[in-house]
*Asks:* 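Right, I'll just put the structure down here and ask away after.
Only heavy atoms go into these numbers, but all of them, side chains included; no hydrogens, no water, no symmetry mates.
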Amino acid sequence: QVQLVESGGGLVQAGGSLRLSCAASGRTFSTFVMGWFRQTPGKERDFVAEISRVGYSTYYAASVKGRFTISRDNAKNTVYLQMDSLKPEDTAVYYCAASSRGYGYMRSNWDGVDYWGNGTLVTVSS
């Protein structure tokens with residue numbers, strides 16, 4: 001069992017930056033592939049980024065590639081999402097996700113996620 005708590009959301013202007021954090025507790029953090037998803041009201045929860053258990057491999061949705069960076073610190077049981085060059089369309093609730101599936105699965109299969117955080121709101125003004 002894993003509990004995930006996101007933090008770091010807020011209001012920024014377009015072009016600005018934010019760093020989201022997701023603190024995990026409950027069991028061995030490094031067991032899980034970690035990722036970030038985002039969702040706005042009335043829309044699907046979309047994949048944003050994924051990172052392998054050790055942290056050597058990462059993958060990004062095309063919409064954020066080159067602007068967002070996912071990282072993890074297994075010693076701190078924390079995963080991060082550094083968001084740069086933010087755009088209004090990045091506005092969403094961002095959810096941290098943990099999956100026991102192998103790296104490369106979460107990006108296409110959100111229903112394979114084992115644990116979700118409650119989300120943190122990111123608002124980007126134009």
Side-chain angles (χ1 to χ4, degrees):
Q1 186 176 1
V2 172
Q3 293 178 315
L4 304 174
V5 180
E6 303 96 333
S7 62
L11 174 64
V12 297
Q13 286 189 293
S17 298
L18 284 174
R19 189 181 75 160
L20 306 184
S21 298
C22 173
S25 63
R27 64 172 296 172
T28 305
F29 179 67
S30 61
T31 300
F32 298 93
V33 172
M34 299 297 298
W36 290 91
F37 290 74
R38 64 187 183 184
Q39 186 174 26
T40 56
K43 297 182 180 180
E44 298 292 330
R45 187 171 296 190
D46 295 325
F47 170 81
V48 174
E50 180 182 11
I51 188 167
S52 61
R53 292 176 175 84
V54 177
Y56 292 154
S57 299
T58 58
Y59 185 84
Y60 302 90
S63 58
V64 306
K65 188 176 182 180
R67 299 188 297 118
F68 290 11
T69 303
I70 187 171
S71 62
R72 67 191 296 164
D73 187 338
N74 288 348
K76 297 180 179 179
N77 287 358
T78 303
V79 62
Y80 306 94
L81 185 68
Q82 177 67 42
M83 304 183 294
D84 299 317
S85 301
L86 284 163
K87 304 175 180 180
E89 52 263 44
D90 295 319
T91 296
V93 176
Y94 283 71
Y95 296 90
C96 181
S99 176
S100 60
R101 291 280 196 157
Y103 176 73
Y105 188 85
M106 181 185 297
R107 67 190 67 167
S108 301
N109 301 275
W110 69 266
D111 56 336
V113 172
D114 295 292
Y115 302 101
W116 294 97
N118 289 325
T120 185
L121 177 63
V122 172
T123 302
V124 184
S125 61
S126 59

*Asks:* Minimum heavy-atom separation for T40 and T91, please, with both atom names.
*Replies:*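 In terms of heavy atoms, the two residues are closest at CG2-O, 3.1 Å.
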*Asks:* Quick check: closest heavy atoms across F29 and N77, and the distance to 0.1 Å?
*Replies:*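 That closest heavy-atom pairing would be CB-OD1, 3.1 Å.
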*Asks:* What distance do L81 atom CG and E6 atom CD have between them, rounded to the nearest 0.5 Å?
*Replies:*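 With rounding to 0.5 Å, CG (L81) is 11.0 Å from CD (E6).
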*Asks:* With clusters defined by side-chain heavy atoms of hydrophobic residues (ILVMFWY) lying less than 4.5 Å apart, directly or transitively, does Y60 cluster with V113?
*Replies:*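 Different hydrophobic clusters.
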*Asks:* Mind checking the CE-CG spacing from M83 to L18? Nearest 0.5 Å is all I need.
*Replies:*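 If I round to the nearest 0.5 Å, the distance is 4.5 Å.
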*Asks:* Does anything in residues 21-83 pair up under disulfide (SG to SG under 2.5 Å), and if so which pairs, sequence neighbours excluded?
*Replies:*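 Passing the test, one end in residues 21-83: C22-C96.
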*Asks:* Quick check against the 3.5 Å criterion: does T78 have a side-chain atom that pairs as donor or acceptor with the backbone of K76?
*Replies:*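 Looks like yes, one N/O pair under 3.5 Å.
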*Asks:* Evaluate the criterion side-chain contact (heavy atoms from CB on, under 4.5 Å) for residue pair L86 and Q13; output intermediate values, then yes/no.
*Replies:* CA-CA 8 Å; L86 284 163; Q13 286 189 293; over 6 Å; no
*Asks:* Test of understanding: with side chain to side chain contact (heavy atoms under 4.5 Å, CB included), list the residues that count as partners of S25, not counting sequence neighbours.
*Replies:*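 Scan of S25 (side chain to side chain contact (heavy atoms under 4.5 Å, CB included), adjacent residues dropped) gives Q3.
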*Asks:* Only counting residues at least two apart or in another chain, list the ones meeting side chain to side chain donor-acceptor pair (under 3.5 Å) with Y80.
*Replies:*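 Partners of Y80 by the side chain to side chain donor-acceptor pair (under 3.5 Å) criterion come out as none, since no residue qualifies.
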*Asks:* Please determine whether residues V33 and Y94 belong to a single hydrophobic cluster, defined as Ile, Leu, Val, Met, Phe, Trp and Tyr linked transitively by side-chain heavy-atom distances below 4.5 Å.
*Replies:*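 V33 does not cluster with Y94.
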*Asks:* Would L4 end up clustered with W36 when hydrophobic side chains under 4.5 Å apart are linked, directly or stepwise?
*Replies:*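 Both belong to a single hydrophobic cluster.
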*Asks:* Test of understanding: with side chain to side chain donor-acceptor pair (under 3.5 Å), list the residues that count as partners of S85, not counting sequence neighbours.
*Replies:*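 S85 satisfies side chain to side chain donor-acceptor pair (under 3.5 Å) with no residue once adjacent residues are dropped.
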*Asks:* Nearest 0.5 angstrom please: L20 CG to R38 CZ, how far?
*Replies:*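 Going from CG on L20 over to CZ on R38, the span is 11.0 Å.
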*Asks:* Where the side chain of S52 meets the backbone of S57, is there a donor-acceptor pair that is under 3.5 Å apart?
*Replies:*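 Checking the backbone N and O of S57 against the side chain of S52, a donor-acceptor pair under 3.5 Å is found.
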*Asks:* Mind listing the closest non-hydrogen atom pair of V12 and S17 along with its distance?
*Replies:*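 What the structure gives for the nearest pair is CG1-O, 3.9 Å.
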*Asks:* Identify, with sequence neighbours excluded, every residue that meets side chain to side chain contact (heavy atoms under 4.5 Å, CB included) alongside K87.
*Replies:*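 For K87 the side chain to side chain contact (heavy atoms under 4.5 Å, CB included) partners, ignoring immediate neighbours, are R67, E89, D90.
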*Asks:* Sort and list the pairs that fulfil ring pair (Phe, Tyr, Trp, His ring centres under 6.0 Å) and have at least one residue in residues 103-126, not counting sequence neighbours.
*Replies:*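 Every pair satisfying ring pair (Phe, Tyr, Trp, His ring centres under 6.0 Å) with a residue in residues 103-126: F32-Y115, F37-W116.
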*Asks:* Quick test of your reading: applying salt bridge (charged side-chain N to carboxylate O under 4.0 Å, His left out), list the pairs with at least one residue in residues 49-60, sequence neighbours left out, ordered by first then second residue.
*Replies:*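 Counting only pairs at least two positions apart or across chains, the salt bridge (charged side-chain N to carboxylate O under 4.0 Å, His left out) contacts touching residues 49-60 are E50-R107.
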*Asks:* Within this structure, what is the CD1-CD distance for the pair I70 and Q82, rounded to the nearest 0.5 Å?
*Replies:*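 One gets 12.0 Å once the value is rounded to the nearest 0.5 Å.
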*Asks:* List, by chain and then residue number, the residues other than V54 in its hydrophobic cluster (Ile/Leu/Val/Met/Phe/Trp/Tyr, side-chain heavy atoms under 4.5 Å); write none if there are no others.
*Replies:*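 For the cluster that includes V54, the remaining residues are Y56.
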*Asks:* Please test F47 against Y59 for side-chain contact (heavy atoms from CB on, under 4.5 Å), starting from the C-alpha separation and ending with a verdict.
*Replies:* CA-CA 10 Å; F47 170 81; Y59 185 84; 3.7 Å; yes
*Asks:* Testing the basics here: between T58 and I51, what is the closest heavy-atom pair and its distance to 0.1 Å?
*Replies:*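 Residues T58 and I51, closest heavy atoms: CG2-CG1, 3.8 Å.
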*Asks:* Residues two or more places apart in sequence or in another chain: which of them pass side chain to side chain donor-acceptor pair (under 3.5 Å) with S100?
*Replies:*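 With sequence neighbours excluded, S100 shows a side chain to side chain donor-acceptor pair (under 3.5 Å) to D114, given in chain and number order.
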*Asks:* Could you tell me which residues satisfy side chain to side chain donor-acceptor pair (under 3.5 Å) with Y95, sequence neighbours excluded, listed by chain and number?
*Replies:*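 Result, side chain to side chain donor-acceptor pair (under 3.5 Å) vs Y95: none returned.
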*Asks:* For a quick test of reading the model, state the closest non-hydrogen atom pair linking V2 to A24 and the distance between them.
*Replies:*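 Looking at all heavy atoms of both residues, the shortest contact is CG1-CB, 4.2 Å.
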*Asks:* Among residues at least two apart in sequence or on other chains, which ones pass salt bridge (charged side-chain N to carboxylate O under 4.0 Å, His left out) with R19?
*Replies:*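 None.
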*Asks:* To the nearest 0.5 Å, what is the distance between CG (D73) and OG (S21)?
*Replies:*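 These two atoms lie 10.5 Å from each other.
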*Asks:* Which pairs, with at least one residue in residues 117-126 and sequence neighbours excluded, count as a side-chain hydrogen bond (donor to acceptor under 3.5 Å, both in side chains)?
*Replies:*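 As it turns out, there is no side-chain hydrogen bond (donor to acceptor under 3.5 Å, both in side chains) pair with a partner in residues 117-126 once direct neighbours are skipped.
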*Asks:* Of the non-hydrogen atoms in N74 and S30, which two are nearest, and what is the gap between them?
*Replies:*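 Minimum heavy-atom contact is ND2-CB, 3.5 Å.
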